[in-house]
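So you know, we letter chains A, B, ... as the sequences are listed, proteins then strands, and number each from 1.
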Amino acid sequence: MGVTIRTLHPWAVDAAEGRRLQHTLREQLCLKTPRGFRPQRVAGIDAGIVDGGRTIRAAVVVMSLPDLQVIAQSVARAPAIMPYIPGLLSFRELPGVVAALERLEVTPDLLLCDGQGIAHPRRLGIAAHLGLITDLPAIGVGKSRLVGTYREPRSEKGATSGLYDGHERIGTVLRSRDHVRPLYVSPGHRMSHEDAVHWVLACCTRYRLPEPQRAADRLASAKEAPA
DNA sequence: GCGACAG
DNA sequence: ATCTTGTCGC
């Protein structure tokens with residue numbers, strides 16, 4: 001029941017140590033989708049700050065596939081120890097996310113995370129990092145770009161364009177609905193580029209963001225603070 | 001040295 | 001991330 005978290009390292013690190021850990025951890029990433037992968041429970045994950053910046057509050061909402069009905073949800077908080085440093089977001093937000101996952105009553109098949117997967121300077125964005133410590137398939141869904149170059153995808157829903165760092169494919173720029181700014185989708189762990197796009201689209205109905213993430217957003221920033 | 005820079 | 005209302009456009 002719930003999600004088991006592997007403790008691979010401490011969260012409070014300085015920038016140099018954080019980057020060193022990322023270089024080491026990326027070696028353990030798997031960019032292949034499990035054989036016959038058919039997720040039935042997708043978790044949308046989001047984190048935000050409260051207490052005027054002193055606390056991270058994270059929310060997880062698990063939905064069924066393909067119907068996208070809420071199955072379970074959880075909220076938790078953790079001290080905001082680390083500042084926000086581009087490239088080191090996971091060290092700041094994951095402590096809260098881990099706390100929320102630990103109190104979840106079900107085990108998701110797939111994690112959709114706000115931010116990048118491998119579309120990161122050292123290929124270890126928050127979705128890749130979370131996938132590693134949970135050992136679950138994970139996808140990074142960013143609302144904006146961290147690194148990489150691309151050609152603008154066409155404006156209809158489903159249009160895609162490769163995101164590259166030099167000649168290396170690091171993600172996909174995806175139009176999740178007609179005439180909206182695209183999403184930056186990249187594999188986190190146990191996931192291919194192609195399947196990442198497929199499952200993100202499977203969660204997008206009438207809004208730019210996947211439903212599980214919209215639900216998690218609401219929960220994480222709800223005024224009636226559950227946690 | 002200068003600009004870029006997930007949430 | 002967060003500050004903030006109505007408004008223009010697909």
Inset, instruction - Select base, sugar-phosphate, or nothing to describe what A/L183 touches, counting heavy atoms under 4.0 Å on all strands. - result: nothing
Inset, instruction - Assign A/I126 to base, sugar-phosphate, or nothing according to its heavy-atom contacts below 4.0 angstrom with the strands shown. - result: base
Inset, instruction - Mark yes or no: A/R92 above the aromatic ring of A/Y84, with NZ or CZ under 6.0 Å from the six-membered ring centre and no more than 45 degrees from the axis. - result: no
Inset, instruction - Please answer: with hydrophobic residues joined when any side-chain heavy atoms are less than 4.5 Å apart, are A/L29 and A/L88 in the same cluster? - result: yes
Legend entry - Nearest-angstrom distance from the residue atom CZ of A/F91 to C1' of B/dA6: 14 Å
Inset, instruction - Take atom CG of A/D165 and atom C1' of B/dC5, then tell me their distance rounded to the nearest Å. - result: 14 Å
Inset, instruction - Verify the contact: side-chain N or O of A/R92 to OP1 or OP2 of B/dG7, cut-off strictly under 4.0 Å; return yes or no. - result: no
Legend entry - Spacing of A/L88 atom CG relative to C/dA1 atom P, expressed in whole Å: 18 Å
Inset, instruction - When you get a sec, tell me which of B/dA6, C/dA1, B/dC5 is the closest nucleotide to the side chain of A/K143? - result: C/dA1
Legend entry - Between A/H129 and A/H9, ring centroids under 6.0 Å: yes
Legend entry - Gap between atoms CD and P, on A/Q213 and B/dG7 respectively (whole Å): 10 Å
Legend entry - Phosphate OP1/OP2 of B/dA6 contacted by A/S90 side-chain N/O (<4.0 Å): no
Inset, instruction - Go through A/T205 and A/E211 one step at a time and tell me if the side chain to side chain donor-acceptor pair (under 3.5 Å) criterion holds. - result: CA-CA 7 Å; A/T205 55; A/E211 290 302 312; 2.9 Å; yes
Inset, instruction - Rounded off to whole Å, could you give me the CG-to-P distance for the A/L89 and B/dC5 pair? - result: 15 Å
Inset, instruction - With heavy atoms under 4.0 Å as the rule, sort A/G87 into base, sugar-phosphate or nothing. - result: base
Legend entry - Face-to-face contact A/Y84 to B/dG7 six-ring, under 5.5 Å, under 30°: yes
Legend entry - Distance, rounded to the nearest Å, where A/D46 contributes CG and B/dA6 contributes C1': 12 Å
Inset, instruction - Could you please name the option among C/dC10, C/dA1, B/dA6 that lies closest to any side-chain atom of A/I49? - result: C/dA1
Inset, instruction - Describe the nucleic acid contact of A/G125 in one word from base, sugar-phosphate, nothing, applying a heavy-atom distance below 4.0 Å. - result: base
Legend entry - Whole-Å distance separating the CG atom of A/L112 from the P atom of B/dG7: 15 Å
Inset, instruction - Please tell me which of A/D114 and A/H179 maps to the more 5' nucleotide of DNA chain C, matching each residue to the nucleotide holding its nearest heavy atom. - result: A/D114
Inset, instruction - Answer yes when A/R123 and A/D165 have at least one side-chain N-carboxylate O distance shorter than 4.0 Å, and no when they do not. - result: yes
Inset, instruction - Round to a whole Å and report the spacing from CZ of A/R145 to C1' of B/dC5. - result: 8 Å
